Asks: 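Take this structure, written in structure tokens, and hold onto it; I'll ask about it next.
Keep in mind that the numbers below use all heavy atoms, side chains included, and drop hydrogens, waters and symmetry copies. Please read these numbers as outputs of a predicted model, since none were measured by experiment. In what follows, chains are A, B, ... by sequence order, proteins preceding strands, each numbered from 1.
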Protein chains: 2
Amino acid sequence: MVTMAEVAARAGVTKQTVSNVVSGKKVRPETLAKVNAAIAELGYKPNLVARSLRTGSTSTVGLFVPHVANPFYSEVVEEVENVLVRHGYNLLLATTRDDPDYTRVHLENLAARSVDALLVAGDKGVGRQLPMLAQTSFPVALFAWEGDPPATLPVVSIDYEHAGYLAGRHLRDLGHRNVAVIADLPPHALRVAGLRRAFAADGLAIDDSKVFARTSDDAAGGYAAACAALEADPELTAIFATHDILAVGAVEAVTRSGRRVPEDVSVVGFDDIAQVGRIEPPLTTVAFPKREMAQNAVELLLRAVESGKPPTNALSLLRPTLIVRDSSAPPRTTA
Amino acid sequence: MVTMAEVAARAGVTKQTVSNVVSGKKVRPETLAKVNAAIAELGYKPNLVARSLRTGSTSTVGLFVPHVANPFYSEVVEEVENVLVRHGYNLLLATTRDDPDYTRVHLENLAARSVDALLVAGDKGVGRQLPMLAQTSFPVALFAWEGDPPATLPVVSIDYEHAGYLAGRHLRDLGHRNVAVIADLPPHALRVAGLRRAFAADGLAIDDSKVFARTSDDAAGGYAAACAALEADPELTAIFATHDILAVGAVEAVTRSGRRVPEDVSVVGFDDIAQVGRIEPPLTTVAFPKREMAQNAVELLLRAVESGKPPTNALSLLRPTLIVRDSSAPPRTTA
DNA sequence: TTGAAAGCGCTAACAC
DNA sequence: GTGTTAGCGCTTTCAA
């Protein structure tokens with residue numbers, strides 16, 4: 001490996017001058033030429049680890065996601081990487097698997113590696129580590145945070161309660177009165193609360209007996225929960241699933257039971273992941289600007305890194321919107 | 001930040017002894033206790049950047065993928081991270097967007113950061129950088145490599161030609177004679193070649209006029225190409241798409257044209273990404289053990305890292321299998 | 001087993 | 001604008 005000292009010797013200058021050239025500081029043109037020539041001849045590349053040790057900065061940002069294979073998060077990962085590359089940073093990716101221990105281990109590791117910043121997507125399994133997150137030496141931001149947002153850290157998220165409300169209002173306005181919910185609880189409690197509020201506005205209630213916990217976070221989990229819901233009440237006219245993957249399973253369950261979506265049972269999902277626009281029928285769902293949010297969150301962090309100031313400690317909530325596709329319609333018999 | 005020197009002072013020993021404790025070397029029990037007490041009291045965590053500068057190893061492995069939001073690659077990312085964490089390594093993720101320039105920039109960056117190894121998934125946009133890849137100071141392996149595998153680097157992949165053959169044989173055996181192909185060419189040329197070989201065995205040929213290049217690598221691209229194929233020959237009875245996302249679009253195009261899958265037109269995909277088992281109808285596709293392959297590839301690299309020897313330069317091809325679901329059936333009128 | 005000294009490759013601070 | 005000096009926090013080497 002070629003070092004700065006070798007380049008310096010070759011160019012007849014000191015390390016410092018080479019350093020100045022590399023970092024684009026003021027250098028006399030003829031020195032610049034000599035040094036650049038030496039760099040080119042020797043094929044010198046600066047050692048970023050050494051630079052990091054000296055400066056304490058690694059040009060690396062950590063990203064925590066619960067799972068990468070989940071389409072919601074893989075879009076987030078992609079967008080985060082986009083922004084980082086554009087700003088000259090690297091992405092250190094860690095999956096937390098909704099597990100507090102994984103989260104802790106990863107966090108300690110990132111701290112020891114001195115990442116410049118950390119973005120935490122999703123709050124399952126992270127909540128317990130909040131005190132640690134607030135004590136790091138680098139800026140941390142929370143993304144798609146659904147629980148009680150901590151006051152100490154900046155949060156870029158959406159109003160999940162309102163998002164649930166949008167779904168509820170849609171079903172209510174269509175005339176549905178007998179609605180089941182398939183949910184990942186407690187994490188998605190706010191989505192359900194919003195749905196309930198929409199119905200409560202008309203004096204309607206969604207009983208706890210109509211809320212079904214999913215067994216797993218894949219389509220099979222949604223399928224099983226929807227089967228249970230249909231069995232418990234064959235008369236129900238709509239299902240709200242707290243995320244799209246569950247909704248995909250729910251559509252399948254409805255269809256397999258001999259009913260049709262949306263004629264017999266409407267299904268509404270949540271997230272607007274890419275694939276649900278193309279299932280049969282295309283899914284009505286609550287969307288929010290994931291990529292824009294991810295971009296905001298990363299830029300918030302990078303501003304903090306580059307200014308040396310702690311990040312603006314704001315709660316930034318982007319607006320969810322309802323995407324009405326073909327999986328929702330008025331109930332067959334309006335009660 | 002607490003340094004080793006501070007711990008040493010506190011424990012009344014030298015840095016060296018603390019270092020020995022941290023790295024689990026032989027230390028007298030009472031010294032060990034003293035040092036551990038000091039570590040605990042001060043909350044000392046070793047600075048991994050400093051360690052890396054000294055040792056030249058970062059416990060970090062780079063992964064190149066074309067895109068993360070593509071479900072095929074997001075599964076790969078997830079599995080790679082699984083294995084790395086299990087072995088105590090970190091994941092530095094870079095998306096290459098099938099672009100040689102991105103690839104080059106990322107590669108130089110990783111080299112300067114002294115990652116311990118690099119796994120390159122997918123070959124689009126990477127081919128031109130092969131000489132650079134072969135010259136790095138750390139082990140490199142190629143994953144899901146479809147082009148001519150270079151002799152200088154280990155490759156973990158599948159036999160794409162055979163995979164295409166499996167799809168072709170399936171359609172041929174069902175009795176299809178008028179088949180269109182929707183392909184990402186030239187990258188997926190081998191898959192198409194395999195398909196052709198299957199038909200050639202019966203003296204049948206798939207004319208170039210039946211091969212349609214997709215316009216983009218999303219479902220819309222598959223949709224457009226399938227529409228073109230159906231327009232060019234309304235009599236065709238089957239479509240082979242060189243990856244599942246295209247197939248999803250193709251199914252949609254067939255359905256929208258008023259035809260039915262598989263009664264009027266069979267559709268066969270490639271990759272077996274998670275979602276295609278749940279579209280309507282569930283897709284027949286060629287599967288291969290992505291996760292197992294990813295695991296093999298990473299472990300190959302880590303063995304090389306830990307042994308200090310270059311990786312076994314082998315071409316490891318796992319076997320693809322055909323998953324027959326509901327999107328393929330005999331043609332309505334057997335020619 | 002532990003200590004002392006050296007240095008990984010770079011940048012910060014200051015003098016010239 | 002460029003050189004000199006010092007040191008980031010750790011591990012390696014060698015001596016005790």
Side-chain angles (χ1 to χ4, degrees), chain A residues 1-39 42-60 108-116 137-138 308, chain B residues 1-39 42-60 108-116 137-138 308:
Chain A
M1 162 168 258
V2 186
T3 76
M4 211 168 233
E6 298 175 50
V7 176
R10 178 84 143 148
V13 297
T14 59
K15 281 194 301 181
Q16 182 50 32
T17 304
V18 178
S19 174
N20 287 339
V21 169
V22 168
S23 48
K25 299 220 180 92
K26 270 252 158 290
V27 170
R28 204 189 317 151
E30 59 187 80
T31 323
L32 182 74
K34 268 195 307 187
V35 172
N36 276 333
I39 288 178
L42 298 173
Y44 167 75
K45 303 274 180 228
N47 178 328
L48 299 185
V49 176
R51 178 182 292 171
S52 295
L53 176 59
R54 189 62 245 230
T55 61
S57 148
T58 51
S59 299
T60 296
E108 286 175 355
N109 192 273
L110 290 202
R113 296 212 115 69
S114 42
V115 291
D116 289 349
S137 55
F138 44 83
Chain B
M1 162 167 258
V2 186
T3 76
M4 211 168 233
E6 298 175 49
V7 176
R10 176 87 143 151
V13 296
T14 58
K15 282 194 301 181
Q16 181 47 34
T17 305
V18 178
S19 174
N20 286 339
V21 169
V22 169
S23 49
K25 300 221 180 92
K26 271 252 160 290
V27 171
R28 202 189 317 153
E30 58 186 80
T31 325
L32 182 72
K34 268 195 309 188
V35 172
N36 275 334
I39 288 178
L42 298 173
Y44 168 73
K45 303 273 179 234
N47 178 327
L48 300 185
V49 176
R51 180 181 290 170
S52 294
L53 176 59
R54 193 59 245 229
T55 62
S57 146
T58 52
S59 298
T60 296
E108 288 175 354
N109 192 274
L110 289 202
R113 295 213 116 68
S114 41
V115 291
D116 290 349
S137 54
F138 45 82

Asks: Along DNA chain C, 5' to 3', what are the outermost nucleotides having an atom less than 4.0 Å from a heavy atom of chain A?
Replies: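 The footprint of chain A covers C:dG9 to C:dA13.
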Asks: Just how far is it from atom CG of A:D116 to atom CZ of A:F138, taken to the nearest 0.5 Å?
Replies: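 It comes to 9.5 Å.
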Asks: Please confirm whether the backbone N or O of B:L48 pairs with a side-chain atom of B:S52, one donor and one acceptor, at under 3.5 Å?
Replies: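 At least one qualifying donor-acceptor pair exists.
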Asks: The helix from C:dT1-D:dA16 to C:dC16-D:dG1: angle between its terminal axes, five pairs each, to 10°?
Replies: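 Comparing the first five pairs with the last five, the axes sit 30° apart.
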Asks: Calculate the interatomic distance between B:M1 atom CE and D:dG9 atom P; express it in whole Å.
Replies: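 Spelled out: CE on B:M1 to P on D:dG9 is 7 Å.
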Asks: How many angstroms lie between CG in A:L110 and OG1 in A:T60, if you round to the nearest 0.5 Å?
Replies: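 Atom-to-atom, A:L110:CG and A:T60:OG1 are 10.0 Å apart.
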Asks: Would you be so kind as to tabulate the donor-acceptor pairs closer than 3.5 Å made by side chains of residues 25-37 of chain A, with sequence neighbours excluded?
Replies:
from  : atom 1 : to    : atom 2 : distance (Å)
A:T31 : OG1    : A:R28 : O      : 3.4
A:N36 : ND2    : A:L32 : O      : 3.4

Asks: Work out which heavy atom in A:V49 is nearest to a heavy atom in B:S114; give both atom names and the distance.
Replies: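 What the structure gives for the nearest pair is CG2-OG, 3.3 Å.
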Asks: Find the distance between OG (B:S137) and CE (A:M1) and round it off to the nearest 0.5 Å.
Replies: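 Here the rounded value is 7.0 Å.
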Asks: Measure CZ/B:R54 against C1'/D:dC10 and give the value in whole Å, please.
Replies: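 Computing the B:R54:CZ to D:dC10:C1' distance gives 8 Å.
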Asks: Would you say that B:V22 contacts B:I39 through its side chain, given a criterion of any heavy-atom pair below 4.5 Å between the two side chains?
Replies: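 A side-chain contact under 4.5 Å exists here.
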Asks: To the nearest 0.5 angstrom, please state how far the OH atom of B:Y44 sits from the CE atom of B:M4.
Replies: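 Rounded to the nearest 0.5 Å, the OH-CE separation comes to 3.5 Å.
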Asks: Apply side chain to side chain donor-acceptor pair (under 3.5 Å) to B:R113 and list each qualifying residue two or more places apart in sequence or on a separate chain.
Replies: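 B:R113 satisfies side chain to side chain donor-acceptor pair (under 3.5 Å) with A:N90, B:N109 only.
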Asks: Return yes if the base of D:dG9 and the side-chain atoms of B:R51 contain a donor-acceptor N/O pair under 3.5 Å, otherwise no.
Replies: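 Checked by distance alone, the answer is no.
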Asks: Side chain of B:S23, backbone of B:S19: donor and acceptor closer than 3.5 Å?
Replies: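 Yes; judged by distance alone, with no hydrogens or angles, the pair exists.
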Asks: D:dG3 P sits how many Å from A:K25 NZ, rounded?
Replies: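 A:K25 atom NZ is separated from D:dG3 atom P by 15 Å.
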Asks: Measure the distance from CG on A:N47 to P on D:dC8 and round it to the nearest whole Å.
Replies: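 In whole Å, D:dC8 P and A:N47 CG are 18 Å from each other.
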Asks: Return the residues of residues 27-35 of chain A meeting this criterion: a heavy atom under 4.0 Å from some atom of DNA chain C. Order them by number, or give none.
Replies: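 None, since no heavy atom is under 4.0 Å.
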Asks: A:N47 and A:T3: side chain to side chain contact (heavy atoms under 4.5 Å, CB included), yes or no, with the steps?
Replies: CA-CA 8 Å; A:N47 178 328; A:T3 76; over 6 Å; no
Asks: Any chance you could measure B:T14, atom OG1, to B:N20, atom CG, to the nearest 0.5 Å?
Replies: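 CG of B:N20 is found 8.0 Å from OG1 of B:T14.
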Asks: Separation of B:N20 atom CG from D:dT12 atom C1', in whole Å?
Replies: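 Spelled out: CG on B:N20 to C1' on D:dT12 is 11 Å.
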Asks: Is the side chain of B:T55 donor-acceptor paired with the backbone N or O of B:R51 at a distance under 3.5 Å, no angle test?
Replies: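 Yes, B:T55 side chain to B:R51 backbone: donor-acceptor pair under 3.5 Å.
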Asks: Between residues 11-19 of chain A and DNA chain C, which residues have a heavy-atom gap below 4.0 Å?
Replies: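 The stretch gives A:K15, A:Q16, A:S19 as the residues lying under 4.0 Å from the strand, ordered by number.
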